[in-house]
Amino acid sequence: MNFSRPLRLSVAAPVVQAVFRLVTGFLFACHGAASLFGIFGGTHGRGTVPLLQWPGWWAALIELVGGILVALGLFTRTAAVICSGSMVYAYFSVHQANALLPIDNGGEPAVQFCWAFLLIACLGPGAYAVGALLKRDAAGELDDRGAPVPTS
């Protein structure tokens, strides 16, 4: 083993970023699916949210659609901003009234999802995003950030 050469984790950054995006989007979509369709035990074990009920049904729709878009890497930044904003709303309208800190008011998932989606919105989708594949087809070769690769 060669210890003189520093470990370069930055090489794996686009893949780790993509896995983070995929897992975060998938888990968020599962919350939406549970609320809308009653799978995974429904909303906190209580079934589905009534159709078009404000804000629960709309939040569940954002969770499902936004989570799927983020997981796929399609319209990632826009979807991530909307998902992050929905979690800010959820925290301050549902959780924060019960206690100041997330540990006391049950708002840890809302806070964690909010910051995770904000990070995804700022950093972009990483590698293996459907959006980048579609751009690549339309504009030629793109790098991991979605920028055109210079041709010689």
J.: Are Leu72 and Val15 linked, directly or through intermediate hydrophobic residues, by side-chain heavy-atom contacts shorter than 4.5 Å (ILVMFWY only)?
T.: no
J.: Taking Arg77 for the side chain and Ile120 for the main chain, is one N or O donor matched with an acceptor at less than 3.5 Å?
T.: no
J.: So how far is it from Phe28 CZ to Leu64 CG, rounded to the nearest 0.5 Å?
T.: 10.0 Å
J.: If you look at every heavy atom in Gln96 and Asn105, which pair is closest and at what distance?
T.: CA-ND2, 3.6 Å
J.: Would a 4.5 Å heavy-atom cut-off, applied to side chains only, mark Val70 and Phe117 as touching?
T.: yes
J.: Would you name the heavy atoms of Thr76 and Pro125 that are closest together and state the gap between them?
T.: OG1-CB, 3.6 Å
J.: Side chains of residues 56-63: which donor-acceptor partners sit under 3.5 Å, not counting sequence neighbours?
T.:
unit_1, atom_1, unit_2, atom_2, d
Trp58, NE1, Leu52, O, 3.4
Glu63, OE1, Gly32, N, 3.3

J.: So does Leu51 have more than 12 non-hydrogen atoms from other groups sitting under 6.0 Å from CG?
T.: yes
J.: What residue pairs, at least two apart or across chains, pass side-chain hydrogen bond (donor to acceptor under 3.5 Å, both in side chains) with a residue in residues 112-134?
T.: none
J.: Nearest heavy-atom pair of Ala110 and His95: which atoms, and what distance?
T.: CB-CD2, 4.2 Å
J.: Compare every heavy atom of Leu36 with every heavy atom of Thr48, then report the nearest pair and how far apart it is.
T.: CG2-O, 3.6 Å
J.: What are the two closest non-hydrogen atoms of Ala127 and Ala18, and how far apart are they?
T.: O-CB, 2.9 Å
J.: Between Leu134 and Leu74, is any pair of side-chain heavy atoms under 4.5 Å apart?
T.: yes
J.: Quick check: do Phe113 and Cys83 have side-chain heavy atoms less than 4.5 Å from each other?
T.: no
J.: Answer yes or no: is there a side-chain heavy-atom contact under 4.5 Å between Tyr89 and Pro55?
T.: yes
J.: Between Leu123 and Phe20, is any pair of side-chain heavy atoms under 4.5 Å apart?
T.: no
J.: Is it true that Val19 and Leu119 fall in one hydrophobic cluster, defined by side-chain heavy atoms closer than 4.5 Å?
T.: yes
J.: Provide the closest heavy-atom pair for Cys114 versus Ser84 in the form atom of the first, atom of the second, distance.
T.: O-OG, 2.9 Å
J.: Can you get from Phe26 to Ile39 by hopping between Ile, Leu, Val, Met, Phe, Trp and Tyr side chains that sit under 4.5 Å apart?
T.: no
J.: Do the non-hydrogen side-chain atoms of Val111 and Met87 ever get within less than 4.5 Å of each other?
T.: no
J.: CG/Leu69 to CZ/Arg21 distance, rounded to the nearest 0.5 angstrom?
T.: 11.0 Å
